There are 2 protein chains.
Amino acid sequence: MKKTSDKVFNMKKGLSETCNRFFTVLGNPTRLATLETLLDGPKNVTQIAETLGQEQSMISHNLRPLVECRFVYVERRGKERVYSVNHGTVDPLLKVVENHAVNYCPSGGRCLAREG
Amino acid sequence: MKKTSDKVFNMKKGLSETCNRFFTVLGNPTRLATLETLLDGPKNVTQIAETLGQEQSMISHNLRPLVECRFVYVERRGKERVYSVNHGTVDPLLKVVENHAVNYCPSGGRCLAREG
DNA sequence: TATACATATGACATATCCATCATATGAAGA
DNA sequence: TCTTCATATGATGGATATGTCATATGTATA
């Protein structure tokens, strides 16, 4: 299989790559749950893991792309690392999604199967 | 490996699922390129395929989730199917991404490798 | 320094995603 | 109906992503 990402689409290269990484990082249930947990307030890795009932290692793995793409910030505090949401991006982003869901995803968040 | 999507995260179920599907569909270079092509105006499948230099079958496959999630609309016109962007969602969405990229992705759309 | 706590990293198995090929459906005109 | 054009669908191999386990790094305190 050819790597599609190597192909030159008729799309501004930067925007294309940024969007793809942007959405790919967000398109994962663990990372989305992590994000929403952090919307309640800053937490360290252990607290996130406890809140979600997941392993610390898994949360740590998933935090990396979130931090790299600046969806969340990190701050060292002693031996802890406190993560917090980048509200400047995440808040308006979730607003767009929610608005879309209200208009187009009537059955409890599932996309419509049939076209109209 | 357990299916994480089956687990109950501490997240509103609907929002979690909607977001995941939403971003998963968008996190793909072919679908993003398709979306951007359609931003220039409505096109049928053949035109999209030609514009992107990709096979008709591939475009058709990738259009399906875009339509299902209502990122694009379809309209029958004779034997063609004309696809167009849902500007209500896509425009504000891309604005958020662009704004984020301007602030946090200095090196041509690539996310930063190091945390700050 | 030794220990404990907090977090990150590496390797690996597998589940998921995706482009491709072949084929089917559908619509319009001869 | 037969042919042609436009599009969709199904199957499949293979790349990618992801969770898990084991382990390493790092930080503070005794």
Side-chain angles (χ1 to χ4, degrees), chain A residues 1-9 20-34 38 42-69 72-84 113-115, chain B residues 1-9 17 20-34 38 42-69 72-84 111 113-115:
Chain A
M1 183 172 60
K2 258 174 285 185
K3 278 189 65 184
T4 306
S5 50
D6 284 346
K7 301 214 171 189
V8 178
F9 288 105
N20 189 42
R21 173 90 164 128
F22 188 99
F23 293 126
T24 299
V25 168
L26 293 175
N28 173 287
T30 302
R31 291 192 284 275
L32 284 173
T34 300
L38 292 178
K43 290 182 178 57
N44 65 32
V45 180
T46 305
Q47 291 172 325
I48 299 170
E50 282 174 0
T51 305
L52 299 179
Q54 302 290 335
E55 293 203 2
Q56 171 270 323
S57 169
M58 174 179 162
I59 300 302
S60 187
H61 272 300
N62 280 285
L63 277 168
R64 193 168 60 179
L66 286 173
V67 171
E68 279 180 8
C69 285
V72 309
Y73 299 123
V74 208
E75 190 191 350
R76 282 190 179 83
R77 260 174 104 162
K79 40 186 171 181
E80 303 176 13
R81 280 170 173 240
V82 181
Y83 291 86
S84 57
R114 303 184 54 227
E115 67 198 49
Chain B
M1 186 170 59
K2 259 174 285 185
K3 277 191 65 183
T4 305
S5 50
D6 283 346
K7 300 213 173 192
V8 178
F9 288 107
E17 284 188 6
N20 189 43
R21 172 89 165 132
F22 189 99
F23 293 126
T24 299
V25 168
L26 292 175
N28 172 286
T30 302
R31 291 193 283 273
L32 284 172
T34 299
L38 291 178
K43 289 183 178 59
N44 65 33
V45 180
T46 305
Q47 291 170 325
I48 298 170
E50 282 175 359
T51 305
L52 299 179
Q54 302 291 335
E55 294 203 0
Q56 171 270 323
S57 171
M58 173 179 161
I59 301 301
S60 187
H61 272 298
N62 280 285
L63 277 168
R64 194 168 59 177
L66 286 173
V67 170
E68 278 181 7
C69 286
V72 309
Y73 299 123
V74 208
E75 191 191 351
R76 283 189 178 81
R77 261 173 102 163
K79 41 185 173 180
E80 304 176 11
R81 280 169 174 239
V82 180
Y83 292 86
S84 57
C111 294
R114 302 183 54 227
E115 67 198 51

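In the text below, chain A, chain B and the rest are named by the order of the sequence lines, each starting its count at 1. None of these values were measured; they are calculated from a predicted model.
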Any [X] side-chain nitrogen or oxygen under 4.0 Å from OP1 or OP2 of [N]:
{"X": "A/Asn28", "N": "D/dT18", "answer": "yes"}
{"X": "B/Thr30", "N": "C/dC18", "answer": "no"}
{"X": "A/Asn62", "N": "D/dG19", "answer": "yes"}
{"X": "B/Arg31", "N": "C/dC18", "answer": "yes"}

State, yes or no, whether a side-chain contact exists between [X] and [Y] at a heavy-atom distance under 4.5 Å.
{"X": "A/Thr30", "Y": "A/Met58", "answer": "yes"}
{"X": "B/Val72", "Y": "B/Thr34", "answer": "no"}
{"X": "A/Leu66", "Y": "A/Arg31", "answer": "yes"}
{"X": "B/Lys43", "Y": "B/Leu38", "answer": "yes"}

Nearest-nucleotide comparison on DNA chain D, the residue closer to the 5′ end among A/Gly78 and A/Gly27: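 Nearer the 5' end of the strand: A/Gly27.
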N/O-N/O pairs, protein side and nucleotides 5-7 of chain D side, under 3.5 Å:
from, atom 1, to, atom 2, distance (Å)
D/dT7, OP1, B/Val45, N, 3.4
D/dT7, OP1, B/Arg81, N, 3.3
D/dT7, OP2, B/Thr46, N, 3.0
D/dT7, OP2, B/Thr46, OG1, 2.3

Whole Å only: how far is the [atom1] atom of [X] from the [atom2] atom of [N]?
{"X": "A/Arg64", "N": "C/dA6", "atom1": "CZ", "atom2": "P", "answer": "22 Å"}
{"X": "B/Met58", "N": "D/dT9", "atom1": "CE", "atom2": "P", "answer": "17 Å"}
{"X": "A/Leu26", "N": "D/dA17", "atom1": "CG", "atom2": "P", "answer": "15 Å"}
{"X": "B/Glu55", "N": "D/dT9", "atom1": "CD", "atom2": "P", "answer": "17 Å"}
{"X": "A/Asn20", "N": "D/dT16", "atom1": "CG", "atom2": "P", "answer": "12 Å"}
{"X": "B/Ile59", "N": "C/dC18", "atom1": "CD1", "atom2": "C1'", "answer": "13 Å"}
{"X": "A/Arg77", "N": "D/dA28", "atom1": "CZ", "atom2": "C1'", "answer": "16 Å"}
{"X": "B/Phe23", "N": "D/dA17", "atom1": "CZ", "atom2": "P", "answer": "18 Å"}

A/Asn28 and B/Asn20: which non-hydrogen atoms are nearest, and at how many Å?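 Here A/Asn28 and B/Asn20 meet closest at N-OD1, 3.2 Å.
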Looking only at non-hydrogen atoms, find the nearest pair between A/Cys69 and A/Val25 and report the distance.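 For A/Cys69 and A/Val25, the tightest heavy-atom pair comes out as SG-CG2, 3.8 Å.
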According to the 5.5 Å centroid and 30° plane-angle thresholds, does B/His61 stack upon the nucleobase of D/dT9?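 Whether judged by distance or by angle, B/His61 passes, so it stacks on the base of D/dT9.
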If you measure from CG on B/Leu63 to OH on B/Tyr83, what distance do you get to the nearest 0.5 Å?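 Spacing of CG (B/Leu63) from OH (B/Tyr83) equals 5.0 Å.
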Any donor-acceptor pair, under 3.5 Å, between the side chain of A/Ser57 and the base of C/dT7, if you only look at N and O atoms?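 No pair found.
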